[in-house]
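Quantities reported herein were computed from a predicted structural model and do not represent experimental measurements. Computation of the quantities below employed the complete heavy-atom set of this structure, encompassing side-chain atoms and omitting hydrogens, waters and symmetry-equivalent molecules.
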Amino acid sequence: MTSIPGRRETVKLVESAMVSGATQAKACEVLDLSTRTYQHWTCQGGVEADQRPEAQRSAPANKLSEAERAHILEVCNGTEYASMPPSQIVPALADKGEYIASESTFYRVLREASQLHHRGKTQMPKPRTKPEAYQADAPNQVWSWDITYLASTVLGQCFRLYLVMDIYSRKIVGWEVYESESAEQAATRVKKACSVP
């Protein structure tokens, strides 16, 4: 890679050769430089414009200072916001008339500080047990019930079908249609199904 001073010198040599009557291609060939590279160096900002990804560049003007980063972390770790994600912290601060940084900046700072994995109070893990399985060998041993929505002629209005079914035979033991859904109606429907001989 050619440094900026080296580029300047090369461009001056090519230009002086061209003034003396040499073609651009011949002058570049003598310097072991492709014409495309020379054209790239002399257009769009001249020799000073360095488009290399590994080039030394000055820090962006709007980059957060260490004090600003520390302030964001201090706010996020304070007792009031310790259990909140940035999507809730920034609006809460805005409600108080305070703006520190954008929500994405809060997320970035917390991620860089390895504090974004889990924010908030955690509960002790609850033991999970497998639900009890029922098996029927004959009819009327195990019933199941459910509520299904039935469409009506009125848009947005549905009826509720309360259905009790025998698991073994898959036969309907009882059913009823209501306009609403409630535990009392479900209990009534199951009681009616049980009372039928």
Side-chain angles (χ1 to χ4, degrees), residues 53 59-197:
N62 59 350
K63 185 176 179 182
L64 290 176
S65 66
E66 286 305 316
E68 290 171 323
R69 288 176 175 278
H71 181 56
I72 290 172
L73 289 172
E74 182 184 333
V75 169
C76 290
N77 294 327
T79 55
E80 187 177 357
Y81 303 113
S83 63
M84 299 169 81
S87 60
Q88 294 175 358
I89 295 172
V90 173
L93 289 170
D95 289 343
K96 294 179 178 180
E98 187 178 350
Y99 181 81
I100 299 172
S102 68
E103 185 179 317
S104 60
T105 301
F106 268 78
Y107 274 108
R108 186 175 63 251
V109 170
L110 285 172
R111 189 180 311 109
E112 289 169 358
S114 296
Q115 294 185 16
L116 194 59
H117 302 298
H118 181 76
R119 294 186 59 81
K121 297 177 182 174
T122 57
Q123 295 180 349
M124 291 296 291
K126 296 177 183 174
R128 303 286 182 198
T129 57
K130 192 174 179 180
E132 189 175 345
Y134 295 98
Q135 186 175 356
D137 302 314
N140 288 328
Q141 288 182 343
V142 181
W143 286 355
S144 176
W145 72 277
D146 194 12
I147 301 172
T148 305
Y149 290 101
L150 300 175
S152 69
T153 55
V154 179
L155 186 64
Q157 182 181 358
C158 292
F159 294 105
R160 276 72 169 180
L161 169 64
Y162 289 73
L163 184 81
V164 181
M165 179 184 287
D166 179 52
I167 289 180
Y168 183 80
S169 65
R170 303 280 185 202
K171 292 195 176 182
I172 296 171
V173 179
W175 64 272
E176 208 158 330
V177 177
Y178 293 100
E179 290 183 354
S180 61
E181 189 174 321
S182 72
E184 292 81 18
Q185 292 169 350
T188 303
R189 181 62 260 163
V190 172
K191 283 179 187 173
K192 285 182 183 177
C194 290
S195 62
V196 175

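Considering only residues two or more places apart in sequence or on other chains, Ser65 meets the side-chain contact (heavy atoms from CB on, under 4.5 Å) condition with Ala67, Glu68. In terms of the side-chain contact (heavy atoms from CB on, under 4.5 Å) criterion, residue partners of Ile167 (sequence neighbours excluded) are, by chain and number, Val142, Ser144. Not counting sequence neighbours, Thr79 has no partner by the side chain to side chain donor-acceptor pair (under 3.5 Å) test. Every residue two or more places apart in sequence or in another chain that forms a salt bridge (charged side-chain N to carboxylate O under 4.0 Å, His left out) with Arg69 is listed here: Glu112. In this structure, Ser152 has no side chain to side chain donor-acceptor pair (under 3.5 Å) partners at least two apart in sequence or on a different chain. Remark: Ala94 pairs with no residue by the side-chain contact (heavy atoms from CB on, under 4.5 Å) rule, at least two apart or across chains.
Listed by first and then second residue, the salt bridge (Lys or Arg N to Asp or Glu O under 4.0 Å) pairs involving residues 161-180 are Glu176-Arg189, Glu176-Lys192 (not counting sequence neighbours). Screening residues 140-192 for ring pair (Phe, Tyr, Trp, His ring centres under 6.0 Å) gives Tyr162-Tyr178 as the qualifying pairs, with residues at least two apart or on separate chains. Residue pairs meeting the salt bridge (Lys or Arg N to Asp or Glu O under 4.0 Å) criterion with at least one partner in residues 83-93, sequence neighbours excluded, do not occur; the list is empty. Screening residues 86-99 for salt bridge (Lys or Arg N to Asp or Glu O under 4.0 Å) gives Glu80-Lys96 as the qualifying pairs, with residues at least two apart or on separate chains. Sorted by first and then second residue, the side-chain hydrogen bond (donor to acceptor under 3.5 Å, both in side chains) pairs with a member in residues 99-110 read Ser102-Ser104, Ser102-Thr105; sequence neighbours excluded. Residue pairs meeting the salt bridge (Lys or Arg N to Asp or Glu O under 4.0 Å) criterion with at least one partner in residues 135-156, sequence neighbours excluded, are absent.
Heavy atoms from other residues, nucleotides or ligands lying under 6.0 Å from CD of Gln135 number 12 at most.
Contact of the Ile100 side chain with the Ile89 side chain is not registered, since no non-hydrogen atoms from C-beta on lie closer than 4.5 Å. In this structure the side chain of Val75 reaches within 4.5 angstrom of the side chain of Leu93, judged on heavy atoms. For the pair Leu110 and Pro86, the minimum side-chain heavy-atom distance is below 4.5 Å.
To the nearest 0.5 Å, the span separating CD1 on Ile147 from OG on Ser182 amounts to 8.0 Å.
Between Phe106 and Ala101, the shortest heavy-atom contact is CE1-O, 3.5 Å. Minimum heavy-atom separation, Gln88 to Met84: CB-CE, 3.5 Å. Here the closest non-hydrogen pair linking Gln115 and Leu73 is OE1-CD2, 3.9 Å.
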(request) Given side-chain contact (heavy atoms from CB on, under 4.5 Å), test Leu150 with Cys158 step by step and report yes or no. (result) CA-CA 5 Å; Leu150 300 175; Cys158 292; over 6 Å; no

